[in-house]
K.L.:
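Got a structure for you, questions after.
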Amino acid sequence: MAQKPSIPKGTRDFSPVEMVKRNYIFDTIKEVFQLYGFMPIETPSMENLSTLMGKYGEEGDKLLFKVLNSGDFLSKINEDQIREKNSVKLTTKISEKGLRYDLTVPFARYVVQHRNEIDFPFKRYQIQPVWRADRPQKGRYREFFQCDVDVIGSNSLLNEVELIQIVDQVYKRLQLNVVVKLNNRKILAGIAEIIGEAEKIVDITVAIDKLDKIGLENVNKELVDKGISQEAIDTLQPIILLSGSNSEKLAKLKELLFASEIGMKGIEELETVFTYLSQLDVQIEVELDLTLARGLNYYTGAIFEVKSKDMEFGSITGGGRYDDLTGIFGLKDVSGVGISFGADRIYDVLEQMDKFPSNTGITTKVLFINFGEKEESFCLPILAKLRANGINAEIYPDSSKMKKQMTYANNKNIPFVILVGESEVEEGVVSLKNMESGDQEKLTPDQLIERLVSI
RNA sequence: GUGAUUGUAGCUCAGUUGGUUAGAGCGCUGGAUUGUGGUUCCAGAGGUCGCCGGUUCGAGACCGGUCUUUCACCCCA
């Protein structure tokens with residue numbers, strides 16, 4: 001057992017059966033993306049660490065996989081630096097590349113780097129793996145796929161609305177019941193401003209984000225721990241406990257935040273989005289959730305999160321608007337908004353709910369049983385013809401025992417096998433056997449093609 | 001990063017308070033069946049009990065370390 005090869009913690013192999021299911025998800029998502037005019041790009045697995053560091057907060061920096069410099073990476077390090085045992089400092093000297101942590105930051109880098117070739121607004125999608133060095137857990141892997149759609153170079157809230165439509169379409173096609181949670185960073189900023197703790201906005205949002213998980217009492221406790229004044233916490237209570245319909249919540253928020261310019265801007269943005277949604281008759285459930293914060297601190301406007309209604313799980317899709325992500329790379333005043341579908345979590349939900357289409361398992365339609373050299377040369381031209389007609393077909397490569405060949409067809413879920421023995425070769429026909437019913441009939445090659453094309 | 005948890009055949013798992021040769025089901029291979037799979041019956045192969053060290057006359061079982069699995073926290077897809 002110990003000698004057996006293995007793969008790193010939090011990574012996975014995907015079998016053919018799993019790949020067929022995964023591709024079903026990717027294909028569905030891709031189709032919808034393209035329906036809305038998004039085009040694909042890809043970026044390298046590795047980015048320069050300078051591109052990645054500092055974009056995901058302190059926590060994110062720790063979760064970056066760093067790539068050791070090639071060559072004698074210790075040659076420039078002196079004894080003192082090693083003895084100091086400061087990993088962070090040493091890391092910058094021996095590693096200058098890292099695996100991408102998400103697709104949004106590499107995309108921002110891409111946009112800045114190729115700004116002269118790009119027509120704005122730029123709508124792209126990107127489906128690639130990302131890597132995070134955190135501990136694996138339920139629905140959490142160290143290598144996982146994200147499916148990102150972003151539009152950059154447009155401030156219009158119509159983009160936010162289209163993203164919600166995309167979410168609606170994707171999950172309709174995947175037949176999953178989901179709810180879209182919607183919030184706006186400006187409202188959160190407004191709240192922080194109103195209660196007089198504007199600088200602590202991150203601590204406040206992280207705390208109230210946990211409301212439905214740990215309850216009001218523990219949220220308040222955490223706020224106290226973070227040094228928020230009791231007065232501010234008291235002012236916060238009616239805000240985080242807001243209930244009712246989306247429009248009721250917005251109406252109450254207006255009263256509470258009227259003194260905050262940024263807060264009112266956020267409310268206005270949300271109202272616009274909701275107006276669009278009703279005009280477009282979007283059916284998906286969209287809920288204004290003030291406790292939705294999302295850790296990534298580059299978000300500046302709308303924040304989205306999608307949760308499965310059938311299953312207790314983390315979010316399966318998330319995103320938001322970022323006004324200045326490209327600014328970090330030297331391109332100012334370009335706003336983007338995007339969302340990311342977590343393919344691996346969607347897979348887990350579909351699997352749990354048994355919502356994968358059943359026919360995705362069939363790959364080969366017909367298998368030629370191999371009887372030997374003579375029969376083989378009779379079969380090969382027919383096999384080529386079947387393939388030319390778009391029929392997935394294969395021949396068993398060895399003239400093994402029939403039982404073994406039939407079992408192969410069985411295990412691979414192949415619905416038909418073709419038997420050609422001495423007598424068939426003489427008659428110039430093939431025997432087509434339906435593996436489900438067991439029925440068998442003799443057909444000429446032309447009849448065979450006609451039959452298989454029609455099924 | 002913190003706290004738990006798991007590891008025995010290809011897979012899913014048994015294995016008593018430490019005691020000879022470590023078991024089952026499924027799968028696999030062969031046969032019953034030399035041109036017919038799924039069902040049935042018979043036989044067989046397959047394990048340094050995650051790894052390293054320790055306690056003991058004796059360890060799959062106890063202890064320490066390490067890796068791995070799963071889970072919670074942190075954070076997040």
Side-chain angles (χ1 to χ4, degrees), chain A residues 1-12 15 25 29 56-64 87 100-104 127-148 202 205-207 209-210 213-214 218 222 225 292-297 304-308 313-320 338-349 367 369-372 375 396 399-425 430-440 442:
Chain A
M1 291 289 284
Q3 306 90 315
K4 248 191 219 167
S6 61
I7 54 175
K9 186 196 279 217
T11 63
R12 295 153 299 158
S15 67
I25 297 173
I29 289 173
Y56 310 105
E58 219 176 297
E59 200 70 32
D61 284 353
K62 282 189 217 155
L63 298 179
L64 282 170
S87 315
R100 71 167 100 79
Y101 178 90
D102 69 359
L103 299 177
T104 307
I127 298 177
Q128 288 189 279
V130 301
W131 293 269
R132 295 184 189 178
D134 63 355
R135 283 219 191 147
Q137 228 183 90
K138 192 199 323 193
R140 284 173 96 157
Y141 309 98
R142 285 187 155 181
E143 178 184 62
F144 60 98
F145 274 74
Q146 288 192 333
C147 312
D148 273 35
V202 173
T205 52
V206 166
D209 186 48
K210 296 174 188 161
K213 207 169 180 181
I214 63 175
N218 290 319
E222 185 162 332
D225 290 346
L292 170 60
R294 294 187 59 77
L296 295 180
N297 48 24
F304 315 98
E305 190 162 284
V306 180
K307 288 196 163 174
S308 164
F313 219 58
S315 72
I316 51 180
T317 294
I339 51 170
S340 176
F341 290 78
D344 301 270
R345 286 192 175 174
I346 294 171
Y347 183 100
D348 290 344
V349 176
L367 171 81
I369 300 293
N370 193 325
F371 279 78
E375 293 86 351
Y396 200 89
S399 55
S400 311
K401 282 210 179 98
M402 204 154 172
K403 176 171 173 150
K404 194 178 162 94
Q405 300 192 43
M406 296 296 275
T407 305
Y408 174 83
N410 248 358
N411 291 344
K412 218 172 154 180
N413 261 320
I414 298 174
F416 295 98
V417 297
I418 288 169
L419 298 141
V420 177
E422 221 173 314
S423 61
E424 279 92 348
V425 173
V430 302
S431 291
L432 179 69
K433 181 184 171 90
N434 182 324
M435 288 298 277
E436 211 179 320
S437 64
D439 295 342
Q440 205 167 309
K442 285 191 176 177

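So that the names make sense, note that chain A is the first sequence line, chain B the second, and so on, each numbered from 1. For clarity, every value in this text was computed on a predicted model and none was experimentally measured. Reckoned from all heavy atoms, side chains included, excluding hydrogens, waters and symmetry mates.
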K.L.:
Just to be sure I understand the rule, does A/Y141 reach a base, reach only the sugar-phosphate, or reach nothing, if contact means heavy atoms closer than 4.0 Å?
P.N.:
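Base contact.
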
K.L.:
Over how many whole Å does the gap from A/M402 atom CE to B/U33 atom P extend?
P.N.:
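Value for this atom pair: 17 Å.
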
K.L.:
Under 3.5 Å, sequence neighbours excluded: what are the donor-acceptor pairs made by side chains of residues 338-349 of chain A?
P.N.:
residue : atom : partner : partner atom : Å
A/S340  : OG   : A/D148  : OD1          : 2.7
A/D344  : OD1  : A/R12   : NH1          : 3.1
A/D344  : OD1  : A/R12   : NH2          : 2.7
A/D344  : OD1  : A/R22   : NH1          : 3.1
A/D344  : OD2  : A/F145  : N            : 2.7
A/R345  : NE   : A/G139  : O            : 2.8
A/R345  : NH1  : A/S315  : O            : 3.0
A/R345  : NH2  : A/G139  : O            : 3.3
A/D348  : OD2  : A/Y141  : OH           : 3.0

K.L.:
Please work out whether the ring planes of A/Y396 and A/Y408 are parallel, tilted or perpendicular, with thresholds of 30° and 60°.
P.N.:
perpendicular

K.L.:
Give a yes or no on this: more than 12 heavy atoms of other residues, nucleotides or ligands lie within 6.0 Å of atom CD of A/E422.
P.N.:
no

K.L.:
Taking the P atom of each, how far is B/C49 from B/A9, in whole Å?
P.N.:
10 Å

K.L.:
What is the nucleic acid contact for A/G57, judged by heavy atoms within less than 4.0 Å: base, sugar-phosphate only, or nothing?
P.N.:
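The answer is nothing, as A/G57 stays clear of every strand by at least 4.0 Å.
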
K.L.:
Where is the tightest heavy-atom contact between A/L367 and A/Q405, given as atom of each residue plus distance?
P.N.:
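Heavy atoms of A/L367 and A/Q405 come nearest at CD2-O, 3.8 Å.
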
K.L.:
Taking the side chain of A/R135 as its heavy atoms from C-beta onward, which of B/G37, B/C74, B/G3 lies nearest to it?
P.N.:
B/G3

K.L.:
Pairing check on B/C62: which nucleotide meets the Watson-Crick or G-U wobble criteria with it, both distances under 3.5 Å?
P.N.:
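When the pairing criteria are applied, B/G54 turns out to be the nucleotide that pairs with B/C62.
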
K.L.:
Starting at CG of A/N413, measure out to CD of A/E436 and round the result to the nearest 0.5 Å.
P.N.:
9.5 Å

K.L.:
In whole Å, measure the gap between the C1' atoms of B/A45 and B/U29 for me.
P.N.:
7 Å

K.L.:
To the closest 0.5 Å, what do you measure between CE (A/M435) and CZ (A/F416)?
P.N.:
11.0 Å

K.L.:
Please give the nucleotide sitting opposite B/G46 as a Watson-Crick or G-U wobble pair, both distances under 3.5 Å, or none.
P.N.:
none

K.L.:
Roughly how many Å is it from CD in A/E375 to P in B/G35, rounded to a whole number?
P.N.:
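Spelled out: CD on A/E375 to P on B/G35 is 10 Å.
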
K.L.:
Roughly how many Å is it from CG in A/D209 to P in B/C75, rounded to a whole number?
P.N.:
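In whole Å, B/C75 P and A/D209 CG are 9 Å from each other.
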
K.L.:
In whole angstroms, how far is the P atom of B/C73 from the CD atom of A/E59?
P.N.:
14 Å

K.L.:
Enter the distance from A/I7:CD1 to A/E143:CD here, rounded to the nearest 0.5 Å.
P.N.:
8.5 Å

K.L.:
What interatomic distance, in whole Å, is found between P of B/C11 and the corresponding atom of B/G50?
P.N.:
13 Å

K.L.:
Any base atoms under 4.0 Å from A/G10, or only sugar-phosphate, or nothing? Heavy atoms, all strands.
P.N.:
sugar-phosphate

K.L.:
Sort me out a list of protein N/O and nucleotides 28-32 of chain B N/O pairs below 3.5 Å, or just none if empty.
P.N.:
residue : atom : partner : partner atom : Å
B/G31   : OP1  : A/K401  : NZ           : 3.2
B/G31   : OP2  : A/K401  : NZ           : 3.2

K.L.:
When the P atoms of B/C52 and B/C71 are considered, how many whole Å apart are they?
P.N.:
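It comes out at 28 Å once rounded to the nearest Å.
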
K.L.:
Roughly how many Å is it from NZ in A/K9 to C1' in B/G1, rounded to a whole number?
P.N.:
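My rounded result for the distance is 12 Å.
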
K.L.:
Could you check whether the side chain of A/K433 and the base of B/U36 have a donor-acceptor pair of N or O atoms closer than 3.5 Å, going by distance alone?
P.N.:
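In this structure, the two groups form a donor-acceptor pair.
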
K.L.:
Taking atom P of B/A77 as reference, at what distance in whole Å does atom CD1 of A/I29 sit?
P.N.:
15 Å

K.L.:
B/A72 phosphate, OP1 or OP2: any side-chain N/O from A/Q137 under 4.0 angstrom?
P.N.:
yes

K.L.:
Do A/Q440 and B/U36 have a side chain to base donor-acceptor pair shorter than 3.5 Å?
P.N.:
yes

K.L.:
A/E424 near the nucleic acid: base, sugar-phosphate alone, or nothing, with a heavy-atom cut-off under 4.0 Å?
P.N.:
base

K.L.:
Is it the case that atom NZ in A/K404 sees more than 12 heavy atoms from other parts of the structure closer than 6.0 Å?
P.N.:
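No.
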
K.L.:
Give me the distance, rounded to whole Å, that separates B/C63 from B/U55 when you measure between the P atoms they each carry.
P.N.:
15 Å

K.L.:
Reckon A/E436 touches a base, only the sugar-phosphate, or nothing at all at heavy-atom distances under 4.0 Å?
P.N.:
base

K.L.:
Could you tell me which non-hydrogen atom of A/I214 sits nearest to which non-hydrogen atom of A/E222, and how far apart they are?
P.N.:
CD1-OE1, 4.3 Å

K.L.:
Determine the interatomic distance between P on B/U2 and the same-named atom on B/C67; round to the nearest Å.
P.N.:
12 Å

K.L.:
Quickly work out the A/R140 CZ to B/C73 C1' distance and round it to whole Å.
P.N.:
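Distance, rounded to whole Å: 10 Å.
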
K.L.:
Taking the P atom in each of B/U70 and B/U12, what is the distance between them to the nearest angstrom?
P.N.:
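That atom pair is separated by 12 Å.
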
K.L.:
Mind checking A/N410 for me? I need base, sugar-phosphate or nothing, with any heavy atom below 4.0 Å counting as a touch.
P.N.:
base

K.L.:
Taking A/T11's backbone N and O only, do any of them form a donor-acceptor pair with A/R142's side chain (distance below 3.5 Å, no angle check)?
P.N.:
no

K.L.:
Give none if B/A24 has no partner; otherwise give the nucleotide forming a Watson-Crick or G-U wobble pair with it, both distances under 3.5 Å.
P.N.:
B/U12

K.L.:
What does A/G60 touch in the nucleic acid at a heavy-atom separation under 4.0 angstrom: a base, only the sugar-phosphate, or nothing?
P.N.:
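Contact class for A/G60: none.
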
K.L.:
What interatomic distance, in whole Å, is found between C1' of B/C51 and the corresponding atom of B/G7?
P.N.:
11 Å

K.L.:
For A/I214 and for A/F144, find the nucleotide of RNA chain B with the closest heavy atom, then tell me which residue's nucleotide is more 5'.
P.N.:
A/I214

K.L.:
Atom CG of A/N434 to atom C1' of B/G37: distance rounded to whole Å?
P.N.:
12 Å

K.L.:
RNA chain B: A/K210 or A/K62, which has the more 5' nearest nucleotide?
P.N.:
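Its nearest nucleotide lies further toward 5', so the answer is A/K62.
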
